[in-house]
Number of protein chains: 2
Amino acid sequence: MVSGKDWADATMQFDKLDFMLLAELCTNARRSHVELSERVGLSTTACARRLKSLEDSVIAGYHASLDLKQLGLGTTVVVRISLESQSEEALEAFEKAVIESPSVVRCFLMSGSDDYLVTVIARDIEDFERIHKTQLSRLPKVSRIQSSFALREVVNRIAPPAAFQQWRAPRRP
Amino acid sequence: MVSGKDWADATMQFDKLDFMLLAELCTNARRSHVELSERVGLSTTACARRLKSLEDSVIAGYHASLDLKQLGLGTTVVVRISLESQSEEALEAFEKAVIESPSVVRCFLMSGSDDYLVTVIARDIEDFERIHKTQLSRLPKVSRIQSSFALREVVNRIAPPAAFQQWRAPRRP
DNA sequence: TTTCTTTGGGAACTCCAATCCGCATCGACC
DNA sequence: GGTCGATGCGGATTGGAGTTCCCAAAGAAA
């Protein structure tokens with residue numbers, strides 16, 4: 001680290017066109033090369049070339065997002081979980097079990113007093129009670145579980161808009 | 001509601017093949033019809049037909065997911081925000097501003113003592129300080145902000161595996 | 001049985017994506 | 001200034017994918 005700005009190294013390899021492509025793909029991953037090229041003002045060939053290099057570096061994958069309400073899964077619950085011990089074995093055992101839990105969509109190891117922040121998707125409140133009993137309370141080494149229900153989803157984005165808003169000089173001046 | 005199981009109505013319209021397709025698309029949204037048909041054991045035509053009907057109903061969209069660390073955005077912060085008032089105007093003003101905040105990726109209106117749970121993506125801790133000053137503390141009607149840093153991401157899924165694991169009788173017995 | 005409905009499969013057509021090639025621009029170096 | 005290599009764009013071609021017909025098979029209802 002020279003300047004104290006590591007991230008500059010990371011983002012400097014991309015220019016405005018790359019970020020335009022990334023933004024397009026984040027909102028609609030199934031756009032054809034033709035559509036993409038029209039939107040960013042490039043030929044389909046150049047577009048495909050950039051796309052490939054982005055896929056080799058910064059694009060982790062392409063995913064379909066589902067309307068979970070239509071699948072009967074309309075309830076999001078955020079669960080704060082503290083463990084009895086913070087030993088490596090305890091963390092490892094807990095995490096292994098969380099990954100296996102079929103109702104969990106997100107789990108972060110957190111700083112502060114709560115050890116883990118887990119997001120659970122349930123059909124409804126009664127279904128969450130079942131999940132709590134059959135999945136959460138059976139997680140190993142848990143000392144405290146604290147659940148909060150999400151009443152409404154205000155924002156849900158793949159990436160922050162800020163990610164697309166800084167770029168180095170264009171490749172061609 | 002007859003039986004107390006609303007969700008049965010919602011999920012009953014899909015069978016095992018549909019859920020197999022959905023699971024495939026959630027892990028890789030760019031699979032061709034050929035690949036999909038091979039994986040679920042259908043012809044490409046039948047596959048495409050089911051796909052179209054799924055896109056018209058339960059598939060909300062296709063998104064590229066980015067390796068945010070490679071973009072220099074390696075820090076996830078979960079922020080609990082309480083408002084001065086719970087009036088409709090306060091909520092509305094706050095939400096409008098949150099949606100505009102370029103570093104926010106998720107925001108839920110919560111039950112319990114904390115009004116909103118907001119997930120922020122930052123470059124690093126110093127960058128979060130900047131975001132805190134320039135974005136979070138400027139949100140309207142905020143009374144308390146409490147931040148927790150995510151030390152590690154343990155699970156991050158588009159949909160819970162449980163969503164794919166129950167289906168009605170196959171369309172063709 | 002006849003008919004209608006639903007779903008799967010095949011063939012043809014259209015269009016897209018991947019690749020090869022040539023061209024333009026920039027920088028380094030002699 | 002001239003040359004060489006590196007980098008990036010664009011055009012044309014070809015193999016493959018997606019789409020759209022049409023028909024077949026299996027139940028359900030009359």
Side-chain angles (χ1 to χ4, degrees), chain A residues 8-66 70-71 164 166-173, chain B residues 8-66 70-71 164 166-173:
Chain A
D9 304 333
T11 56
M12 260 179 63
Q13 57 184 311
F14 306 114
D15 67 357
K16 181 172 179 177
L17 290 173
D18 289 318
F19 281 112
M20 286 176 73
L21 285 173
L22 289 179
E24 285 295 331
L25 289 171
C26 280
T27 58
N28 184 355
R30 288 218 142 179
R31 273 194 218 291
S32 69
H33 293 180
V34 179
E35 279 179 304
L36 288 172
S37 62
E38 285 167 357
R39 284 169 177 268
V40 305
L42 237 59
S43 76
T44 58
T45 313
C47 217
R49 239 188 323 250
R50 280 169 178 268
L51 205 55
K52 175 149 180 45
S53 107
L54 291 173
E55 283 169 352
D56 290 339
S57 60
V58 77
I59 294 179
Y62 298 102
H63 306 283
S65 70
L66 308 182
Q70 285 215 36
L71 288 176
F164 308 118
Q166 274 198 346
W167 49 77
R168 73 166 173 84
R171 303 186 188 189
R172 285 318 179 95
Chain B
D9 304 334
T11 56
M12 262 179 62
Q13 57 184 313
F14 306 114
D15 67 357
K16 181 173 179 177
L17 290 173
D18 289 319
F19 282 111
M20 287 175 72
L21 286 173
L22 289 179
E24 286 295 331
L25 290 171
C26 281
T27 57
N28 184 354
R30 288 214 143 180
R31 273 195 216 292
S32 68
H33 292 180
V34 178
E35 280 180 302
L36 288 172
S37 62
E38 285 168 357
R39 283 168 178 267
V40 305
L42 237 58
S43 75
T44 59
T45 312
C47 215
R49 236 189 327 250
R50 279 169 178 267
L51 206 54
K52 176 151 180 44
S53 110
L54 290 173
E55 283 169 353
D56 290 340
S57 60
V58 77
I59 294 178
Y62 298 102
H63 307 284
S65 70
L66 308 183
Q70 286 216 34
L71 288 175
F164 307 119
Q166 274 199 346
W167 50 77
R168 71 164 174 85
R171 303 186 187 187
R172 283 315 179 93

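Naming: A, B, ... by sequence-line order, numbering from 1 per chain.
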TODO: Would you mind reporting whether Phe164(A) and Leu66(B) have side-chain heavy atoms less than 4.5 Å apart?
DONE: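 Yes; the side chains approach each other to less than 4.5 Å.
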TODO: Evaluate the criterion side-chain contact (heavy atoms from CB on, under 4.5 Å) for residue pair Phe14(B) and Leu21(B); output intermediate values, then yes/no.
DONE: CA-CA 11 Å; Phe14(B) 306 114; Leu21(B) 286 173; over 6 Å; no
Inter-residue atom distance [X].[atom1] - [Y].[atom2], 0.5 Å rounding:
{"X": "His33(B)", "Y": "Leu42(B)", "atom1": "NE2", "atom2": "CG", "answer": "12.0 Å"}
{"X": "Arg31(B)", "Y": "Cys47(B)", "atom1": "CZ", "atom2": "SG", "answer": "11.5 Å"}
{"X": "Lys52(A)", "Y": "Ile59(A)", "atom1": "NZ", "atom2": "CD1", "answer": "11.0 Å"}
{"X": "Arg39(B)", "Y": "Asn28(B)", "atom1": "CZ", "atom2": "CG", "answer": "8.0 Å"}
{"X": "Glu38(B)", "Y": "Glu24(B)", "atom1": "CD", "atom2": "CD", "answer": "11.0 Å"}

- [ ] Tell me whether the OP1 or OP2 atom of dT19(D) has a side-chain N or O from Arg49(B) closer than 4.0 Å.
- [x]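 False: Arg49(B) side-chain N/O out of range (4.0 Å or more) of dT19(D) OP1/OP2.
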- [ ] Can you sort out the partners of Arg49(A) under salt bridge (charged side-chain N to carboxylate O under 4.0 Å, His left out), two or more places apart, ordered by chain and number?
- [x]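 If we apply the salt bridge (charged side-chain N to carboxylate O under 4.0 Å, His left out) test to Arg49(A), skipping adjacent residues, there are no hits.
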Open item on the list: Can you say whether a donor on the side chain of Thr45(B) sits under 3.5 Å from an acceptor on the base of dG9(C), or the other way round?
Closed with: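 Flag unset: no donor-acceptor pair detected.
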- [ ] Summarise how protein sits on nucleotides 12-17 of chain C as a single string, 5' to 3': B when a protein heavy atom is under 4.0 Å from the base, S for sugar-phosphate-only contact, - for no contact.
- [x] ----SS
Open item on the list: Taking Ala29(B)'s backbone N and O only, do any of them form a donor-acceptor pair with Arg30(A)'s side chain (distance below 3.5 Å, no angle check)?
Closed with: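 A pair under 3.5 Å: yes.
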Task: From dG9(C), dT19(C), dC9(D), nucleotide with atom closest to Arg50(A) side chain - done: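 Of the options given, the side chain of Arg50(A) lies nearest dC9(D).
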Open item on the list: I need the residues from residues 36-44 of chain B with at least one non-hydrogen atom less than 4.0 Å from DNA chain C; give them sorted by number, or say none.
Closed with: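 Result for residues 36-44 of chain B: Leu42(B), Ser43(B), sorted by number.
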Task: Atom pair distance, as rounded to whole Å: CG in Leu54(A) and P in dG8(D) - done: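 Taking CG of Leu54(A) and P of dG8(D), I get 12 Å after rounding.
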Open item on the list: Expressed as a whole number of angstroms, how long is the span from Leu51(A):CG to dC9(D):P?
Closed with: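 Leu51(A) atom CG is separated from dC9(D) atom P by 13 Å.
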Task: 5′-ward residue of the pair Ala46(B)/Lys52(A) relative to DNA chain C - done: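 Final value for this comparison: Ala46(B).
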Task: Degree of bending in the helix from dT1(C)-dA30(D) to dC30(C)-dG1(D) once both end axes are built from five pairs, to 10° - done: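 Answer for the end axes of this duplex: 20°.
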Open item on the list: Checking Ser65(A) now: which residues fulfil side chain to side chain donor-acceptor pair (under 3.5 Å) with it, not counting sequence neighbours?
Closed with: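 Testing Ser65(A) for side chain to side chain donor-acceptor pair (under 3.5 Å), a comparison that skips the adjacent residues, returns His63(B).
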Task: Glu35(B): partners by side chain to side chain donor-acceptor pair (under 3.5 Å), with sequence neighbours left out - done: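 Counting only residues at least two positions away or on another chain, Glu35(B) forms no side chain to side chain donor-acceptor pair (under 3.5 Å).
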